[in-house]
**Q** 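A single structure is presented below for examination.
Atoms within each ligand, like the ligands themselves, are counted from 1 in listed order. Counting from 1, the numbers follow the sequence of the chain as shown. Everything numeric in this text was worked out from a predicted model, so none of it was measured.
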Amino acid sequence: MFNIFKKKTNSNTSIEIDYNNIPKHIAIIMDGNGRWAKKKNLPRTFGHKAGVETIRKIIKECNRLGIKYLTLYAFSTENWKRPKDEVNALMTLLVEYLKKEFDELNKNGVVINYIGDISKLPKTCQEELIKAKRNTINNKGVVMNLALNYGGRAEIINALNSLISDIKDKNSKNITISEKDFEKYLYTSGMPDPDIIIRPSGEQRLSNFLLWQCAYSEFWYSDILWPDFSEADLHQAIYDYQNRDRRFGGI
Ligand code: FPP
């Protein structure tokens with residue numbers, strides 16, 4: 001059955017999403033909160049607060065569209081370089097978000113998951129994340145991966161170290177590791193690679209996000225700042241993805 005979803009976008013163009021070709025995994029670099037706040041003469045943290053509202057909308061829409069995984073880059077291994085106040089505000093927002101939104105997310109079947117080394121986050125963040133993950137693990141809706149203290153390079157090194165420590169005969173000269181073996185040690189183990197990586201705010205770089213997993217991801221950029229990112233923008237990204245020719249190295 002060919003099921004087509006028609007939607008009017010902000011720019012008044014009619015776009016059609018093919019429900020039979022919904023990406024399994026969407027990853028988003030939620031960029032532009034600071035610039036959004038600056039444009040409005042507000043402190044940067046107001047931009048992050050507005051960014052949380054966008055998360056709320058987008059997670060709901062991803063769930064409705066039947067997307068299986070949504071990975072959100074919320075705090076990178078490099079974001080510790082930000083002023084202490086901003087880091088603290090982000091950590092507080094995270095705890096508030098998990099506490100306030102838990103019931104709604106759970107009711108909608110969202111699986112709350114995280115990727116990254118959360119052991120460096122404040123204890124309250126760790127506790128809320130672990131609790132939210134434990135209590136939603138059997139849900140059947142979209143898996144929301146919050147990338148926290150996440151860096152692609154750190155993930156690869158962490159995977160490598162875990163793999164080495166699991167090798168029983170360390171003196172053997174015949175150890176060969178396959179891509180499949182290695183992937184089991186990544187934070188995203190068992191998940192499909194992202195089909196599409198979305199970065200709003202006009203920047204066109206990966207910023208250490210999902211370096212291993214992005215081998216064949218489609219990239220989608222837009223000038224919209226994350227707090228202004230809407231369901232229509234998500235639809236546009238999916239539509240563009242669906243109209244690309246993914247050859248995975250073939251012809
Ligand atoms: C990048 O924009 C955004 C971040 C580093 C943080 C993203 C965090 C949120 C959207 C809210 C908190 C998250 C959760 C899960 C509750 P930027 O600040 O670098 O913007 P700029 O480039 O315009 O300065």
**Q** Does one side chain, of Thr136 or Asn139, offer a donor that lies under 3.5 Å from an acceptor on the other?
**A**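 Asn139 and Thr136 do not have a side-chain donor-acceptor pair below 3.5 Å.
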
**Q** With atoms numbered from 1 as shown, which atoms in ligand 1 lie under 4.0 angstrom from a non-hydrogen atom of Asn79?
**A**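 Heavy-atom distances to Asn79 below 4.0 Å select 5 (C).
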
**Q** Around atom 1 (C) of ligand 1, find the nearest protein heavy atom and jot down its residue, atom name and distance.
**A**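 Scanning the protein heavy atoms, the shortest distance from atom 1 (C) of ligand 1 goes to Met30 O, 3.2 Å.
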
**Q** Return the residue, atom name and 0.1 Å-rounded distance of the protein heavy atom closest to atom 22 (O) of ligand 1.
**A**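 For atom 22 (O) of ligand 1, the nearest protein heavy atom is Arg35 NH2, 2.9 Å.
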
**Q** Taking only heavy atoms of Arg82, which atoms of ligand 1 are found under 4.0 Å from at least one of them?
**A**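 The list of qualifying atoms is 5 (C), 17 (P), 18 (O), 19 (O).
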
**Q** Against heavy atoms of Ala74, which atoms of ligand 1 measure under 4.0 Å?
**A**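 Checking each atom against Ala74, I get 6 (C), 7 (C), 8 (C).
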
**Q** Does Lys40 qualify as a cation-pi partner of Trp36, given the criterion of NZ or CZ under 6.0 Å from the six-membered ring centre and within 45 degrees of its axis?
**A**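 Ring-cation test returns yes.
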
**Q** If you count the atoms of ligand 1 from 1 in the order shown, which ones are under 4.0 Å from a heavy atom of Gly34?
**A**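 Answer for ligand 1: 17 (P), 18 (O), 20 (O), 21 (P), 23 (O), 24 (O).
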
**Q** Counting heavy atoms not belonging to Glu179, are there more than 12 under 6.0 Å from its CD?
**A**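 Counting neighbours around CD of Glu179, 12 or fewer heavy atoms of other residues, nucleotides or ligands fall under 6.0 Å, so no.
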
**Q** Given Ile55, Leu129, Leu93, identify the one with the heavy atom nearest to atom 13 (C) of ligand 1.
**A**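 That would be Ile55.
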
**Q** Is Tyr73 close to ligand 1, meaning an N/O of one under 3.5 Å from an N/O of the other?
**A**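 In this structure, Tyr73 places no N or O atom under 3.5 Å from an N or O of ligand 1.
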
**Q** Any chance the side chains of Arg199 and Ser222 put a donor and an acceptor closer than 3.5 Å?
**A**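 Arg199 vs Ser222: no donor-acceptor pair found between side chains.
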
**Q** Evaluate the criterion side-chain hydrogen bond (donor to acceptor under 3.5 Å, both in side chains) for residue pair Asn108 and Asn63; output intermediate values, then yes/no.
**A** CA-CA 8 Å; Asn108 290 318; Asn63 213 18; 5.3 Å; no

**Q** Of the backbone atoms (N, CA, C, O) and the side-chain heavy atoms from C-beta on, which set of Glu203 has a member under 4.0 Å from an atom of ligand 1: side chain, backbone, both, or neither?
**A**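 It is neither; nothing of Glu203 touches ligand 1.
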
**Q** Starting from atom 9 (C) of ligand 1, which protein heavy atom do you reach first, and at what distance in Å?
**A**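 Minimum-distance protein heavy atom for atom 9 (C) of ligand 1 reads Asn33 ND2, 3.7 Å.
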
**Q** Restricting to ring-ring contact (aromatic ring centres under 6.0 Å, His included), what partner residues turn up for Phe75, sequence neighbours left out?
**A**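 Phe75 satisfies ring-ring contact (aromatic ring centres under 6.0 Å, His included) with Trp80 once adjacent residues are dropped.
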
**Q** If the plane angle is over 60° it's perpendicular, under 30° parallel, otherwise tilted; pick one for Trp220 and Phe229.
**A**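 Because their plane-to-plane angle is over 60°, the rings of Trp220 and Phe229 count as perpendicular.
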
**Q** To check your reading of the model: name the closest protein heavy atom to atom 24 (O) of ligand 1, its residue, and the distance in Å.
**A**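 Protein heavy atom with the smallest distance to atom 24 (O) of ligand 1: Arg44 NH1, 3.0 Å.
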
**Q** With a 4.0 Å cut-off, would you call Glu203 and Arg35 a salt bridge?
**A**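 Here Glu203 pairs with Arg35 in a salt bridge, since their nearest N and O are under 4.0 Å apart.
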
